[in-house]
Amino acid sequence: MHVPDTVDPDAIGSDAIDLAPLEIDSAADVDDRPTCRFLTFGCKINQYDTQALRESILELGYRELVGEQAADLVIVNACTVTDRAGEKGVNAVRRLQERGLAGRVLVTGCLSPEDRDACRKLGVEFVVGNEEKDQIPALVEGAELRSVGPRVSDRRRSRSIFDLKTSRFARRTRAFIKVHDGCDDFCSYCIIPFVRGKSKSRGIDEVMAEARRLAENGFRELVITGIHLRRYGADLGLEGGVMMLMRALRSVPGIERVRLSSIGIKVFTDEFLEFIASDDAYCEFFHIPLQSGSATVLERMRREYTSESFLESVAQIRSVLPRAVITTDLMVGFPGETDDEFRESLETCAAARFAFLHIFPYSVRTGTKAAALPSRVPGTVKVERVARARELERTLRENESRRWQSQRVRVLVERVRDGWANGLCREGHQVFFDVSSLPNRDELRHLELDVVITGAATEGRQRTTGPVRLEGELTDAQ
Ligand code: SF4
């Protein structure tokens with residue numbers, strides 16, 4: 001399941017992710033184009049969808065505003081993975097309206113029936129489900145929200161959820177590429193199959209075309225993103241779809257790294273691990289959702305693995321790819337979760353030696369099987385368990401930092417500021433290093449450099465949540 005990632009405080013959507021726009025306009029830079037803003041909540045899939053929507057809306061002649069400015073159109077890409085996540089999208093709309101910052105509001109994304117009702121009550125003009133997202137540009141165009149000359153979009157006739165495409169991700173050196181949507185698994189707690197529909201894969205040719213565009217725009221790393229990546233290709237009759245896709249993307253001129261976002265444990269067969277080991281371009285970073293480490297809770301969740309089989313697969317990953325970094329999602333307080341089951345869950349996390357836990361308390365999603373389960377865990381117990389899980393998470397992160405001490409990593413530089421550069425290493429950690437003595441430091445972005453890790457990132461660069469952050473030194477070779 002895709003739970004919300006790192007959030008960035010924003011005055012309106014207090015948990016909306018601030019995706020850097022392609023074109024930033026200040027209030028002073030006025031022209032007669034209609035204006036738009038985007039607020040994004042939730043996972044990488046939503047971030048990708050916002051980027052694709054942004055490109056389509058800007059193509060229609062809009063200019064994008066950032067910050068607390070009134071816009072003609074505000075698109076809120078909402079998440080409903082937890083009840084709190086759903087409320088955040090609705091609250092953002094309410095605050096926009098109260099402050100008079102939105103001419104028209106369009107809410108899209110994962111929307112539960114309750115979220116849709118709340119939007120209707122607020123008088124939101126457009127509420128568009130995930131499966132109709134590709135129709136948004138036509139909707140916006142048809143609503144005469146634009147002021148430039150008419151241009152009929154091909155998208156108006158299309159019915160594919162993958163017809164929204166990206167070519168750029170501002171301020172990033174890696175680009176996300178969405179290849180899969182929907183899910184048929186119906187894990188008992190999850191609302192995704194209800195709000196994103198059936199499992200569907202995007203054809204390799206289409207993915208490749210997008211990858212070429214991204215590579216032409218300077219991206220050297222692609223992050224393959226989908227709701228249930230392990231299922232990629234099954235609906236297209238492809239076997240080993242994920243490997244096929246990774247191999248194809250690797251062949252795109254200019255692409256030097258291919259990374260997977262969240263992926264299910266069952267993809268890690270011997271064949272898959274050997275495939276990853278066959279080429280340095282396949283990043284050895286894996287986010288594998290565990291959800292619970294208790295055998296009995298996993299059964300009630302209707303997950304496709306047991307805690308035992310999960311740990312066996314993790315051991316197998318580590319034996320073939322000893323440098324691999326593995327992170328996970330951990331749900332706390334699933335209905336009926338006893339103290340013993342919770343303890344077992346933490347023990348599994350410790351045994352798996354995850355580098356990072358994305359911890360979140362269970363919340364009821366109406367319509368799911370778990371919503372009808374008895375023995376809900378009281379809120380106070382959930383809070384206490386989340387705190388205990390966070391303690392373990394701190395220890396795991398410290399261990400992970402120590403594991404990398406004196407190791408050499410390849411860092412793709414994403415940002416250079418105040419004499420320091422930072423970017424992701426192939427194994428997924430954010431690495432900072434001093435470049436103040438380099439004469440050409442402004443040209444480092446998009447370069448991959450050799451760095452030796454000296455330790456955990458110092459206080460200012462270390463977040464309390466999020467993946468591990470390290471510091472290092474450039475090797476002499478450069
Ligand atoms: S139903 Fe299960 S596999 Fe599908 S998106 Fe939800 S958590 Fe993931």
Side-chain angles (χ1 to χ4, degrees), residues 1-5 41-49 77-86 109-113 115 129-131 133 161-162 176 178-202 224-235 241-242 260-268 286-295 297-307 309-310 313 326-335 337 345 348-349 357-373:
M1 180 174 77
H2 298 262
V3 292
D5 290 293
F41 296 83
C43 67
K44 294 276 190 297
I45 310 288
N46 262 15
Q47 293 178 46
Y48 174 93
D49 287 348
N77 196 1
C79 165
T80 193
V81 76
T82 63
D83 53 356
R84 247 192 94 222
C110 295
L111 299 165
S112 68
D115 301 331
N130 266 314
E131 294 199 77
K133 254 182 184 163
I161 51 155
F162 297 117
F176 296 88
K178 179 170 147 186
V179 302
H180 181 266
D181 208 330
C183 186
D184 303 328
D185 278 26
F186 290 92
C187 298
S188 66
Y189 53 82
C190 185
I191 191 82
I192 296 284
F194 301 92
V195 294
R196 284 194 174 264
K198 282 186 166 306
S199 174
K200 45 218 161 251
S201 309
R202 190 174 178 193
I224 304 177
T225 308
I227 290 291
H228 198 348
L229 272 190
R230 188 175 84 71
R231 301 271 192 233
Y232 175 79
D235 55 316
V242 179
L260 293 165
S261 67
S262 180
I263 193 155
I265 188 76
K266 284 205 165 177
V267 82
F268 294 96
F286 308 113
H287 184 82
I288 315 172
L290 171 68
Q291 309 301 6
S292 170
S294 150
V297 172
L298 284 172
E299 224 177 289
R300 299 203 292 281
M301 287 180 165
R302 298 166 51 129
R303 297 291 284 172
E304 59 176 1
Y305 50 84
T306 62
S307 42
S309 70
F310 193 100
S313 296
I326 307 175
T327 62
T328 201
D329 297 328
L330 179 68
M331 186 187 288
V332 170
F334 185 77
E337 184 188 64
S345 200
T348 304
C349 291
L357 305 177
H358 187 148
I359 303 157
F360 59 107
Y362 167 79
S363 74
V364 180
R365 305 316 288 137
T366 309
T368 60
K369 283 234 161 22
L373 290 177

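Counting from 1, the numbers follow the sequence of the chain as shown. These numbers come from a predicted model, not from an experiment. Ligands are counted one by one from 1 in listed order, and the atoms in each one are counted from 1 as well.
Using modelled atom types, one finds a donor on one side chain and an acceptor on the other under 3.5 Å when comparing T327 with H287.
Applying salt bridge (charged side-chain N to carboxylate O under 4.0 Å, His left out) to D185 and the options K198, R231, K266, R302 leaves one that passes, R231.
Close contacts of ligand 1 with I227, meaning ligand atoms under 4.0 Å from a residue heavy atom, involve 5 (S). For ligand 1, the atoms lying closer than 4.0 Å to a non-hydrogen atom of P193 are 1 (S). Near C187, with a cut-off below 4.0 Å to any heavy atom, the atoms of ligand 1 are 1 (S), 2 (Fe), 3 (S), 7 (S). Listed by atom number, the atoms of ligand 1 under 4.0 Å from Y189 heavy atoms are 7 (S). Those atoms of ligand 1 that come under 4.0 Å of a heavy atom in H228, given as number and element, are 3 (S). The contact set between ligand 1 and C190, taken as ligand atoms under 4.0 Å from a residue heavy atom, comprises 1 (S), 5 (S), 6 (Fe), 7 (S).
When distances to atom 4 (Fe) of ligand 1 are checked against a cut-off of 2.8 Å, C183 contributes an N, O or S atom below that limit.
D181 and R196 are joined by a salt bridge, as a carboxylate oxygen and a charged side-chain nitrogen come within less than 4.0 angstrom of each other. The residues R303 and D329 are annotated as not salt-bridged, no charged nitrogen and carboxylate oxygen being separated by less than 4.0 angstrom.
Atom-to-atom distance recorded for T348:OG1 and L330:CG is 9.5 Å, nearest 0.5 angstrom.
Ligand 1 lies within reach of R303, whose nearest heavy atom is under 4.0 Å from it.
A donor-acceptor contact shorter than 3.5 Å is absent between the side chain of Y189 and the backbone of S363.
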